[in-house]
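Residue numbers begin at 1 in each chain, while the letters A, B, ... track the order of the sequences.
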Amino acid sequence: MKTIDPIFKKETLELARELLGMELVHDTAYGELAGKIVEVEAYKGPEDKAAHSFGGRRTTRTEVMYGEPGHVYMFLIYGMHHCFNIVTGPIGKPEAILVRGIEPTKGIDHMLHKRFGEKPKYLKTHYKNLTNGPGKLCRSLGLNMAHYGLPINRSEILIQPYEAIKEEDIVAGPRVNIDYAEEHIHLPWRFSIRGNPYVSK
DNA sequence: TCAGGGATTCTT
DNA sequence: AGAATCCCTGAC
């Protein structure tokens with residue numbers, strides 16, 4: 001019986017901050033694709049109006065958030081972009097952390113190819129736009145619905161220590177594109193590494 | 001069964 | 001500022 005990595009048992013907002021500076025790895029047949037996490041958002045259902053699990057909504061899509069923390073919650077947005085999330089909170093409490101930006105660390109050539117296809121030469125703008133957004137980083141790492149529900153650090157998806165981030169280098173602010181969340185729009189549950197170029201716009 | 005909308009990205 | 005694009009959801 002596989003156990004859950006204890007790091008994922010932390011409180012969601014605390015874990016969100018600690019994820020900054022850690023390395024997200026997709027271990028593929030042709031090598032590791034990886035990047036340092038530089039931006040995340042916390043979603044604390046069922047009380048959080050911005051969360052997919054608000055009000056205890058429990059469907060095929062949100063089901064994994066009701067299970068053990070440390071599993072992958074993937075969803076498709078706007079019919080074309082995948083988003084990668086880490087399930088958090090105790091069993092029965094549907095919380096998650098969305099990874100919105102990473103700084104490439106391993107397998108950059110493969111990532112460029114996955115995102116932009118075959119190019120005679122990749123430009124500076126290709127590198128800059130490789131992983132500075134939730135849909136972009138999934139495309140570059142090759143993450144999709146096939147990874148829904150996988151146990152992190154017990155599968156091809158890994159999150160491991162990489163670099164310590166000082167508390168004063170963490171920026172907290174409101175989450176992006178949640179206009180529907182009414183009084184929860186302004187909760188400062190978006191965290192990023194100050195000044196990092198791979199933080200999304 | 002179906003209309004409406006979205007935790008985005010790219011182009012104009 | 002608007003389009004692309006389609007799965008998920010809730011209502012009927």
Quiz item: Given atom NE2 of A/His82 and atom C1' of B/dT9, what is their separation to the nearest angstrom?
Solution: 14 Å
Quiz item: Is there a donor in the side chain of A/Lys136 and an acceptor in the side chain of A/Asn132, or the other way round, less than 3.5 Å apart?
Solution: yes
Self-check item: Touch class at under 4.0 angstrom, heavy-atom based, for A/Arg58 against every strand present
Solution: nothing
Quiz prompt | Reference residue A/Arg175; test side-chain contact (heavy atoms from CB on, under 4.5 Å); the match among A/Asp48, A/Ile185, A/Leu98 | solution = A/Asp48
Quiz item: How are the rings of A/Tyr30 and A/His110 set to each other: parallel, tilted or perpendicular (split at 30° and 60°)?
Solution: tilted
Self-check item: A/Arg115 to A/Tyr122 six-membered ring, cation-pi geometry met (6.0 Å, 45°)
Solution: no
Quiz item: What integer distance in Å separates A/Met74:CE from B/dT8:P?
Solution: 13 Å
Quiz item: Looking only at side-chain N and O atoms, does A/Arg100 come under 4.0 Å of OP1 or OP2 in B/dT8?
Solution: yes
Quiz item: What's the CG-P distance between A/Asn132 and B/dC10, to the nearest Å?
Solution: 8 Å
Quiz item: Given that both distances must come in under 3.5 Å, which nucleotide forms a Watson-Crick or G-U wobble pair with C/dA1?
Solution: B/dT11
Quiz prompt | Atom-to-atom span, NE2 of A/His81 to P of B/dT8 - whole angstrom | solution = 9 Å
Self-check item: Distance, rounded to the nearest Å, where A/Tyr198 contributes OH and B/dT9 contributes P
Solution: 15 Å
Quiz prompt | Value in whole Å for how far the P atom of C/dC7 lies from CE of A/Met80 | solution = 11 Å
Quiz item: So does A/Lys201 get a side-chain nitrogen or oxygen closer than 4.0 Å to the phosphate oxygens (OP1/OP2) of B/dT9?
Solution: no
Quiz item: What do you reckon, is NZ of A/Lys201 surrounded by more than 12 foreign heavy atoms closer than 6.0 Å?
Solution: yes
Self-check item: Spacing of A/Leu130 atom CG relative to B/dT8 atom C1', expressed in whole Å
Solution: 16 Å
Exercise. Determine the contact category for A/Asn85: base if any of its heavy atoms lies under 4.0 Å from a base atom, sugar-phosphate if only primed atoms, P, OP1 or OP2 are that close, otherwise nothing.
Key: base
Any protein N or O atoms within reach of nucleotides 3-6 of chain B? Criterion: under 3.5 Å, listing atom names and distances.
unit_1: B/dG6; atom_1: N2; unit_2: A/Gly79; atom_2: N; d: 3.4

Quiz prompt | Polar contact flag, side-chain donor to acceptor under 3.5 angstrom, A/His52-A/Tyr73 | solution = yes
Quiz item: Looking just at side-chain N and O atoms, do A/Glu156 and A/His147 make a donor-acceptor pair shorter than 3.5 Å?
Solution: yes
Quiz item: Rounding to a whole Å, what distance do you find between A/Ile97:CD1 and B/dA7:P?
Solution: 17 Å
Return the polar atom pairs (N/O with N/O) between nucleotides 9-12 of chain C and the protein under 3.5 Å, or none.
unit_1: C/dT9; atom_1: OP1; unit_2: A/Thr59; atom_2: OG1; d: 2.2
unit_1: C/dT9; atom_1: OP1; unit_2: A/Arg61; atom_2: NE; d: 3.4
unit_1: C/dT9; atom_1: OP2; unit_2: A/Thr59; atom_2: OG1; d: 3.1

Self-check item: A/Phe116 CZ to A/Asn129 CG distance, which is reported to the nearest 0.5 Å
Solution: 6.0 Å
Quiz item: With a 3.5 Å cut-off and no angle check, do the side chains of A/Glu39 and A/Ser200 form a donor-acceptor pair?
Solution: yes
